[in-house]
Amino acid sequence: MLFRSVSQSRYTNATINSNGNDIDFVGNIEGLSSGGQSLTISAGSGTVSFLDSVGLVPLSSINVTAGQINLGGNMSASGNITIQGPLILNGVNSYFTSTSGDITFASTVNPETLGDGNLTLTLSGGDVFLNADLGGIGSITEYSEPIGSLSIIGATNVYDLANIKTHGSIYIEGLIELQKDIGMFSDTGSIVLKQAVSPISSGVQSLTLSALSVEVDASISLLNSLTILSSTAIVSSLQTTGNILVSSAITLNAAATISSTSGNITLESFINGAYDLVLTALNGELLYDTIGGQTPLRSVTISAGTIKNFADITTLGGDITINQSCSFNKSTIFTAVNGDIDIQGSVNAVTAGSGAESLTLNVENGSVTILGAVGDTQRLGGFSIPLASGLGVSIGGSILTDSEAVAGGIVQIAPNLILSANTLIDTQGSGKGGTLSLGAVTMTGSYSLNCEAGIGSISIASLSSPLTNALLQVKM
């Protein structure tokens with residue numbers, strides 16, 4: 001069946017059924033008035049080809065069912081647009097517009113030529129249903145190239161999402177509900193998700209995002225797992241029951257929580273952005289890189305079953321809180337400007353005698369609290385709190401370092417050291433002794449302070465206690 005030009009101004013509604021034969025439209029299809037007429041086309045296993053646009057004057061609705069659908073132009077309707085059959089985009093750009101309805105693709109979408117097929121779906125609050133892959137392996141195997149790009153604008157929800165493969169960028173406005181494991185893959189562009197992503201069943205569906213850059217402007221929550229593979233990533237909150245992997249540097253665009261209830265969190269590059277960050281992997285492992293190195297975060301809170309890799313953390317205006325004991329695998333610096341540093345456990349090195357793991361805590365107008373001892377099972381190479389602007393230091397046990405270490409076993413505590421227990425500070429380890437330097441020391445009760453530095457020097461600026469039987473012992 002061949003239609004050279006069709007104006008639906010002649011019909012109230014039009015239904016075309018070819019009983020399995022092909023249908024070719026070589027001209028535009030339009031209505032008499034915007035949103036006045038509907039179009040339904042059924043070709044069974046046949047092919048429907050539109051060489052030009054459908055709804056040049058928008059129709060009320062469009063429904064096309066065929067074994068293959070070729071589109072050389074655009075589609076526009078006031079109501080629903082439903083494409084039931086593999087869609088081949090014949091042009092460089094294809095625009096689907098619905099001013100008050102939904103847009104549904106029930107089968108795959110592919111371009112006729114690699115690099116073409118830039119697909120834009122524009123709605124005014126309607127929903128998008130993508131029931132099959134966009135780009136990639138198509139239902140018609142000769143058409144299996146990625147689409148040029150995908151933009152979904154003005155949608156309320158995006159349902160039934162399948163895999164998306166593009167040569168260029170992916171941009172989606174609308175709440176995304178995952179009903180299965182999917183991936184979004186951009187060969188040369190970016191992925192931007194403007195609204196929240198969640199699964200239909202908590203902890204079941206997984207999501208992979210792969211592009212040169214990824215931007216997630218709202219939360220991704222309750223997934224089974226999440227993988228982001230990119231050069232840069234701008235994220236908000238990411239929450240799963242399983243593993244989270246982000247290969248790129250992360251920039252926070254709001255206060256963020258990255259959490260997994262039972263999996264591992266692997267953040268392979270830097271994290272920056274002037275917002276609060278909570279990292280939680282209570283039943284898994286956490287691996288992270290430098291946090292706040294370029295743009296300090298407001299605050300950082302970490303809770304994990306195991307922290308595999310410690311790196312430097314810098315905050316401005318907020319606290320650094322580590323809700324557990326720490327075993328440092330390399331020399332690490334925590335810096336809190338106008339905030340506190342709080343470690344809810346002991347502090348040790350990973351490897352005995354390696355001497356490479358020293359810890360520096362910089363606090364300006366803030367305090368340091370370490371609930372346990374420092375170096376009681378594996379001595380640090382050095383331990384330093386060098387800024388006198390700190391408001392006070394409280395440590396729940398002894399401080400032990402190794403003078404054979406790269407850092408020389410140095411212990412330096414410039415702010416007031418507040419002792420609430422008998423305390424040993426020992427810089428000898430397997431060596432002969434390292435420098436031990438304390439500012440003011442305040443004992444809150446009748447405790448003893450033992451300082452042992454071997455051949456190293458010991459200096460204490462002042463010592464005070466409310467009780468006369470407090471004891472200071474110095475061994476060199």
Q: Given F105 and F96, is the ring-ring contact (aromatic ring centres under 6.0 Å, His included) satisfied, shown in steps?
A: CA-CA 11 Å; F105 294 123; F96 286 71; 5.2 Å; yes
Q: Report, as yes or no, whether the 6.0 Å neighbourhood of atom NZ on K308 holds more than 12 heavy atoms from other residues, nucleotides or ligands.
A: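 No, because the 6.0 Å sphere around NZ of K308 holds 12 heavy atoms or fewer from other groups.
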Q: Atom CD1 of I182 and atom CG of L209: how far apart are they, to the nearest 0.5 Å?
A: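 The distance works out to 8.0 Å.
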Q: Would you call L207 and I220 a side-chain contact if the rule is heavy atoms closer than 4.5 Å?
A: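 Yes, at least one pair of side-chain atoms sits under 4.5 Å.
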Q: For Q84 and N63, run side-chain hydrogen bond (donor to acceptor under 3.5 Å, both in side chains): C-alpha distance rounded to whole Å, both residues' side-chain angles, the deciding distance at 0.1 Å, then the answer.
A: CA-CA 8 Å; Q84 302 185 77; N63 191 319; 3.2 Å; yes
Q: Tell me, with the steps shown, if L286 and I302 meet side chain to side chain contact (heavy atoms under 4.5 Å, CB included).
A: CA-CA 9 Å; L286 169 65; I302 294 177; 3.5 Å; yes
Q: Kindly check if the number of other-residue, nucleotide or ligand heavy atoms within 6.0 Å of OH (Y95) is above 12?
A: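 Atom OH in Y95 is not packed in, count stays at 12 or less.
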Q: Between L238 and T240, is any pair of side-chain heavy atoms under 4.5 Å apart?
A: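 In short, these two side chains do not touch, never coming nearer than 4.5 Å.
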Q: Hey, are Q412 and S384 close enough side-chain-wise for a donor-acceptor pair under 3.5 Å?
A: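 Yes, Q412 and S384 have a side-chain donor paired with an acceptor closer than 3.5 Å.
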Q: Side-chain contact, heavy-atom cut-off 4.5 Å: N224 with V204?
A: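 No; the side chains remain at least 4.5 Å from each other.
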Q: Looking at L121, I176, D127, which one forms a side-chain contact (heavy atoms from CB on, under 4.5 Å) with V158?
A: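 It is I176; the other options fail the test.
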Q: Looking just at side-chain N and O atoms, do T108 and D133 make a donor-acceptor pair shorter than 3.5 Å?
A: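 Their side chains do not contain a donor-acceptor pair, so the 3.5 Å distance test is not met.
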Q: Mind listing the closest non-hydrogen atom pair of L178 and S206 along with its distance?
A: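 Heavy-atom minimum between the residues: CD1-O, 4.2 Å.
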Q: Return the CD to OG distance between Q239 and S198, rounded to the nearest 0.5 Å.
A: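 So the gap between those two atoms works out to 11.0 Å.
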Q: Less than 4.5 Å apart, any side-chain heavy atom of N74 and any of S76?
A: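 Result no, sub-4.5 Å side-chain heavy-atom pair not found.
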Q: Heavy atoms, side chains only, cut-off 4.5 Å: are L89 and L119 in contact?
A: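 Contact flag for L89/L119 side chains = yes.
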Q: Do N309 and N329 make a side-chain contact, defined as non-hydrogen atoms from C-beta onward lying under 4.5 Å apart?
A: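 They are in side-chain contact.
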Q: Would you indicate whether the side-chain heavy atoms of N118 and H167 approach each other to under 4.5 Å?
A: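 The answer is no; the side chains never approach within 4.5 Å.
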Q: When you check the side-chain N and O atoms of S358 and S331, is any donor under 3.5 Å from an acceptor?
A: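 Yes, because at least one side-chain N or O of S358 sits under 3.5 Å from a partner of the opposite role on S331.
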Q: How far apart are the C-alpha atoms of I164 and L150, what are their side-chain angles, what is the distance that settles it, and do they pass the side chain to side chain contact (heavy atoms under 4.5 Å, CB included) test?
A: CA-CA 9 Å; I164 300 173; L150 173 66; 3.7 Å; yes
Q: Please assess S248 against S230 for the test side-chain hydrogen bond (donor to acceptor under 3.5 Å, both in side chains), listing each intermediate value before the final yes or no.
A: CA-CA 5 Å; S248 64; S230 62; 3.0 Å; yes
Q: Between the side chains of N362 and E364, does any donor sit under 3.5 Å from an acceptor?
A: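 Side-chain D/A pair, N362 to E364: absent.
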Q: Nearest 0.5 Å, please: how far is CD in Q294 from OG1 in T314?
A: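 If I round to the nearest 0.5 Å, the distance is 11.0 Å.
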Q: Among I307, V300, D342, find the residue that satisfies the side-chain contact (heavy atoms from CB on, under 4.5 Å) test when tested with I322.
A: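 So the option named by the test is I307.
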Q: Looking only at heavy atoms, what is the nearest atom pair of I271 and L297, with distance?
A: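 That closest heavy-atom pairing would be O-CD1, 3.8 Å.
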Q: Looking only at non-hydrogen atoms, find the nearest pair between I228 and A233 and report the distance.
A: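 It is CG2-CB, 4.4 Å.
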Q: Report the distance from atom CG of L193 to atom CE of M184, rounding to the nearest 0.5 Å.
A: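 It comes to 5.0 Å.
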Q: Before giving the answer on side chain to side chain contact (heavy atoms under 4.5 Å, CB included), spell out for V347 and L359 the whole-Å C-alpha distance, their side-chain angles and the decisive distance to 0.1 Å.
A: CA-CA 9 Å; V347 172; L359 176 62; 3.7 Å; yes
Q: If you define the side chain from C-beta out and look only at heavy atoms, does anything of T335 sit under 4.5 Å from L316?
A: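 Sidechains of L316 and T335: no contact.
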Q: May I ask you to decide if T295's main-chain N or O and N272's side chain share a donor-acceptor pair within less than 3.5 Å?
A: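 Judged by distance alone, yes, a pair lies under 3.5 Å.
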Q: For residues S269 and D289, is any side-chain donor paired with an opposing acceptor at under 3.5 Å?
A: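 No pair is found: no donor N or O on one side chain lies under 3.5 Å from an acceptor on the other.
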Q: Aromatic contact between Y288 and F270, with the criterion being ring centroids under 6.0 Å apart: yes or no?
A: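 Distance test on ring centres: not under 6.0 Å, no.
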Q: Under the criterion side chain to side chain contact (heavy atoms under 4.5 Å, CB included), I'd like the reasoning laid out for T47 against I69: C-alpha separation, chi angles, the key distance, then a yes or no.
A: CA-CA 6 Å; T47 297; I69 302 165; over 6 Å; no
Q: Could you check whether Y171 and E173, counting side-chain N and O atoms only, form a donor-acceptor pair closer than 3.5 Å?
A: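 Note: E173 and Y171 side chains meet the donor-acceptor criterion.
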Q: For the atom pair OG (S394) and CD1 (I418), what is the distance rounded to the nearest 0.5 Å?
A: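 Answer for the OG-CD1 pair, S394 versus I418, is 6.5 Å.
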Q: Which one of I81, V64, V54 satisfies the side-chain contact (heavy atoms from CB on, under 4.5 Å) criterion with L39?
A: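 Among I81, V64, V54, the one meeting side-chain contact (heavy atoms from CB on, under 4.5 Å) with L39 is V54.
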Q: If you take all heavy atoms of P86 and A66, which pair is closest and at what distance?
A: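 Nearest heavy atoms, P86 then A66: CD-O, 4.1 Å.
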Q: Check S236 against A255 and note the closest heavy-atom contact, atom names and distance.
A: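 Scanning both residues, the minimum pair turns out to be OG-O, 4.2 Å.
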Q: Between the side chains of N323 and S303, does any donor sit under 3.5 Å from an acceptor?
A: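 Side chains of N323 and S303: pair found under 3.5 Å.
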Q: Determine yes or no for a side-chain-to-main-chain donor-acceptor pair under 3.5 angstrom, with N28 supplying the side chain and L56 the backbone.
A: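 Not a single qualifying donor-acceptor pair exists.
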Q: Against S38, only a single residue in N80, N13, T15 fulfils side-chain hydrogen bond (donor to acceptor under 3.5 Å, both in side chains); can you say which?
A: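 Passing option: N13.
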Q: State, without any angle test, whether D312 and T290 hold a side-chain donor-acceptor pair at a distance under 3.5 Å.
A: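 Note: D312 and T290 side chains miss the donor-acceptor criterion.
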Q: Hey, does the side chain of Q179 reach the backbone of I200 with a donor-acceptor pair shorter than 3.5 angstrom?
A: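 No, Q179 side chain to I200 backbone: no donor-acceptor pair under 3.5 Å.
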Q: On a heavy-atom basis, which atom in T122 and which in I103 lie closest, and how many Å separate them?
A: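 Result for this residue pair: O-CD1, 4.3 Å.
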Q: Can you tell me if S53 uses its side chain to pair, donor with acceptor, with the backbone of M75 under 3.5 Å?
A: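 The answer is no, because no donor-acceptor pair under 3.5 Å joins these two groups.
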Q: With distance as the sole criterion, is a donor-acceptor pair present between the side chains of D217 and Q195 under 3.5 Å?
A: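 Looking only at side-chain atoms, Q195 and D217 do not form any donor-acceptor pair under 3.5 Å.
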Q: Roughly how far apart are D319 CG and T301 OG1, rounded to 0.5 Å?
A: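 Rounded to the nearest 0.5 Å, the CG-OG1 separation comes to 7.5 Å.
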